[in-house]
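Notes follow the structure.
Here is how names work: the chains are called A, B, and so on, in the same order as the sequence lines, proteins then strands, and each is numbered from 1. All of these numbers come straight from a predicted model, not from anything done at the bench.
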There are 2 protein chains.
Amino acid sequence: MRGYDKHAFEPSAVTVDLAVLTICRGALHVLLVERGQEPYAGRWALPGGFVRPEESAEDAARRELAEETGLADVSGLHLEQVRTYSDPDRDPRMRVVSVAFAALLPDPPQPHGGGDAAQARWVSYESAGPLAFDHDRILADAHDRVGAKLEYTCLATSFCPPEFTLGELQQVYETVWGTALDRPNFRRKVLATPGFVAQVPDAARLTGGRGKPAALYRAGGATVLRPPLLRPTTEGRPS
Amino acid sequence: MRGYDKHAFEPSAVTVDLAVLTICRGALHVLLVERGQEPYAGRWALPGGFVRPEESAEDAARRELAEETGLADVSGLHLEQVRTYSDPDRDPRMRVVSVAFAALLPDPPQPHGGGDAAQARWVSYESAGPLAFDHDRILADAHDRVGAKLEYTCLATSFCPPEFTLGELQQVYETVWGTALDRPNFRRKVLATPGFVAQVPDAARLTGGRGKPAALYRAGGATVLRPPLLRPTTEGRPS
DNA sequence: CCAGTTATAGTCGATACGACTATTAAGGGT
DNA sequence: ACCCTTAATAGTCGTATCGACTATAACTGG
C-alpha cells in the first residue's frame, strides 16, 4: 500500500470466475461454457468475465451469474468468495488475476446461452473433464469450500427451494459430500439445531413422491451450525 | 474469461495486504506501518505492496513479509490467503484490488523499519485503532479466519516455536479466541488427536518457569483436527 | 388389498466433552 | 531446610451427542 510514488507497477486485468453449482437429479452439476477462441478453443471453462471499473468483484460475479444463467433475480442467491488466483502464467495471453466465486442454485435453470455467443451447459461434477486454464483447480477448491461450509454453517439451505423437505436437505449433503447419511440421525441433528430450519405451519407435500408425505420446512434464521454436522470419517483429509 | 476481443477492460493495480499476527506477552499483536503520505498520512496501516509482473500474490506476500519483518527465512511460515477486497472506492487515488493474507509468527522479531522509510511497529490487536483504507475490516477478517481455523485445523502450532509446551499451545488458543480454556481438558483433547503434536524424546524444560517443568512437543504431521476443538459456546455467532 | 417406499419415532451403547479434584515437581522466600 | 506458590500432569464423573439400528406410520402403484 505504500510506495505509490517510488515503485512502478504493472497493471493487471482482473476477472471473476464462477463455479455455479446445483443439484440435478441427485448429482452435483456445474455450469460450464465452451470456449470459441484460442487459447483452449473448444475446451470447457468456468463462466466469468472482467471486473468493470465501477464495480467490485462481488458485483461483477453477480452480474455474470445473471448473464450466464438467464435468471431475472439473482439477488437472493448465495455467492461465496473462494480465493484469488494470480499465477503469472495462468493465462498465456496476459497477466490476469482472477477472483473465484462459488454460487449455489436451488434448481437449475435452462442451459442458457448466456450473454455471449458461446454455449453454456450443465455438466455433472465428476465428468467436468479437463477445463481451460487453471479452472480444474478453481472448481475443486470451490467444491472443497462448499463441502466444508456444509459442516459448520447452514449453507445447505441455499441449494434448496424456499420450501423443502428434510429429505431434500439431506440429499444436498449426500450429493456434495458423496456419502450416504443415516436418515433418522440427520433428521435428529437438523431439528435439534435451533434456527437451522423452521417447519411450515400446515401443508405437507402429498402428491409427488410415492411414500409417506414429508413435512415442509423453510430456512431458519441461523447461519452457523454449532456443534457442526461432520461428514462421516473417511480417513482422508480434505483439501 | 471470454470476450477478450469484445469488451474493453480497465486494468487495475493489484496489491497484497498482510495481517502479520504474533503472540507477545500473552496478547495478540499485529504488525503495522505508519503512513507517511496522503491519503491517511500519519495513520497506521497493514503492511503491503504491489504484486510485481513476474510473481503471484503469494510470492508478493512472502516477499513483503520478509521485507517488513526483516526475517531472513520466511519460507517455513504459514501464509493464509484470507480474501480479496475490490471495492472501487477503497483507495481514493485509483482502482486498487488487494489480496489479503494472514501470516503467523512464532516469536516477534524486532519492530523492524522494513524496506521502506516508514516505521513499523507491533501493536496489540485490541488497540489497533482505526487503520487506513479498509484495513480495519481486513484485519478483522484475518482474525476471524485464524480463529476459525484453530477450531478445525492444527494451525495453532504455526504460532509456536519448533519446540513448545502444551501450555504455550493452549495460550495460542486462549489469546486468539480471547477465552480461557480448562487446562486438563485441553491437554486431553490435543493428545487424543493423532498427529497434532509429537513429544520430544527426552528433555523437559526446567529453568524457565516457576512450576513443574513441562514436556516439550513438536508439531505432528496432521493438518486437520477431527473432531474439531470448538471454542466455548458464547451464544454469539462469529462473523 | 398388498407390496414397496418414504417419513418419522424411538432405543441403546460408545464416545466426547465440561467441570472438577488430586498429585507431582519445580522455584522463592524466610 | 521448610513451606507456600505455581504450573504440569493424572484421573473421575455425569451429561450431551452421535452412530447404528429397529419400529411404526402414511402414502402410491399394481
Side-chain angles (χ1 to χ4, degrees), chain A residues 25-26 150-152 160 163-175 177 179-194 196-200 202-217 224-235, chain B residues 25-26 150-152 160 163-175 177 179-194 196-200 202-218 222 224-235:
Chain A
R25 280 161 291 120
L150 287 187
E151 290 195 325
Y152 54 94
C160 295
E163 296 191 347
F164 52 88
T165 69
L166 293 187
E168 291 171 330
L169 188 67
Q170 180 175 350
Q171 211 181 32
V172 170
Y173 280 89
E174 294 182 328
T175 302
W177 287 348
T179 61
L181 298 177
D182 180 81
R183 198 184 286 267
N185 290 342
F186 177 83
R187 173 188 189 77
R188 183 220 291 160
K189 174 71 180 174
V190 170
L191 294 181
T193 303
F196 193 175
V197 296
Q199 190 165 2
V200 175
D202 321 291
R205 167 191 280 171
L206 316 145
T207 51
R210 59 174 175 283
K212 177 175 174 177
L216 288 176
Y217 293 84
V224 293
L225 215 51
R226 261 187 104 80
L229 175 46
L230 299 175
R231 71 189 91 182
T233 49
T234 12
E235 291 311 299
Chain B
R25 281 163 290 119
L150 287 187
E151 290 194 326
Y152 54 94
C160 295
E163 296 191 346
F164 53 87
T165 69
L166 294 187
E168 292 171 330
L169 188 67
Q170 181 177 348
Q171 213 182 29
V172 171
Y173 280 89
E174 294 182 328
T175 302
W177 287 349
T179 61
L181 298 177
D182 180 80
R183 197 183 287 266
N185 290 342
F186 177 82
R187 172 187 190 77
R188 182 218 291 160
K189 174 69 181 176
V190 170
L191 294 180
T193 303
F196 192 174
V197 296
Q199 191 165 2
V200 175
D202 321 292
R205 166 189 285 173
L206 317 145
T207 53
R210 58 173 178 281
K212 176 175 176 176
L216 289 177
Y217 293 84
R218 284 203 180 87
V224 293
L225 214 52
R226 266 188 98 80
L229 176 46
L230 299 176
R231 72 189 92 185
T233 48
T234 14
E235 290 310 300

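Checked against D/dT6, C/dT5, C/dG18, the side chain of B/Arg210 finds its nearest nucleotide in D/dT6. Of the candidates C/dA7, D/dA7, C/dC17, C/dC17 carries the atom nearest the B/Pro227 side chain, counting heavy atoms from C-beta on. Distances were taken from every side-chain heavy atom of B/Lys189 (C-beta onward) to each of D/dT28, D/dC27, C/dC17; the shortest belongs to C/dC17. Of the candidate nucleotides C/dT11, C/dA26, D/dT28, C/dA26 has the atom lying nearest to any side-chain atom of B/Pro213.
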Criterion side chain to side chain contact (heavy atoms under 4.5 Å, CB included) on B/Phe196 and B/Leu169, from CA distance to verdict: CA-CA 11 Å; B/Phe196 192 174; B/Leu169 188 67; 4.2 Å; yes
Trace of the side chain to side chain contact (heavy atoms under 4.5 Å, CB included) decision for B/Leu166 with B/Leu191: CA-CA 9 Å; B/Leu166 294 187; B/Leu191 294 180; 4.2 Å; yes
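One distance of note links OG1 of B/Thr165 with CZ of B/Arg187; it measures 10.0 Å at 0.5 Å rounding.
Under 3.5 Å, the side chain of B/Arg188 and the base of D/dG11 form no donor-acceptor pair of N or O atoms.
With rounding to whole Å, A/Gln171 atom CD is found 11 Å from C/dT6 atom P. Here the P atom of nucleotide D/dT17 and the OH atom of A/Tyr152 are 21 Å apart, to the nearest Å. Here the C1' atom of nucleotide D/dT24 and the NZ atom of A/Lys212 are 8 Å apart, to the nearest Å. Rounded to whole Å, the distance from CZ on B/Arg231 to P on C/dG18 is 14 Å. What separates CG of A/Leu216 from C1' of C/dA7 is a distance of 12 Å, to the nearest Å. For the pair B/Leu191 CG and C/dC17 C1', the interatomic distance rounds to 15 Å; values are reported in whole Å. At whole-Å resolution of the value, CG in A/Leu230 and C1' in D/dA16 are 15 Å apart. Taking atom CG on A/Leu225 and atom P on D/dT17, their separation rounds to 13 Å, with Å as the unit.
Against DNA chain D, the stretch residues 179-187 of chain B makes heavy-atom approaches under 4.0 Å through B/Arg183, B/Pro184, B/Arg187.
Applying the side chain to side chain contact (heavy atoms under 4.5 Å, CB included) criterion to A/Arg188, with sequence neighbours excluded, gives A/Asn185. Annotation: side chain to side chain contact (heavy atoms under 4.5 Å, CB included) contacts of A/Pro227 (sequence neighbours excluded): A/Lys189, B/Leu230. Scanning for side-chain hydrogen bond (donor to acceptor under 3.5 Å, both in side chains) contacts around B/Glu174 gives B/Gln170, with sequence neighbours left out. Taking the side-chain hydrogen bond (donor to acceptor under 3.5 Å, both in side chains) definition, one finds that B/Arg218 meets it with B/Glu163, sequence neighbours left out. Taking A/Tyr217 as the reference, nothing meets the ring pair (Phe, Tyr, Trp, His ring centres under 6.0 Å) condition, with sequence neighbours excluded. In this view, B/Gln171 and B/Thr175 satisfy the side chain to side chain contact (heavy atoms under 4.5 Å, CB included) rule, not counting sequence neighbours.
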Distances under 3.5 Å only, N/O to N/O: pair up the protein atoms with those of nucleotides 1-4 of chain D.
none

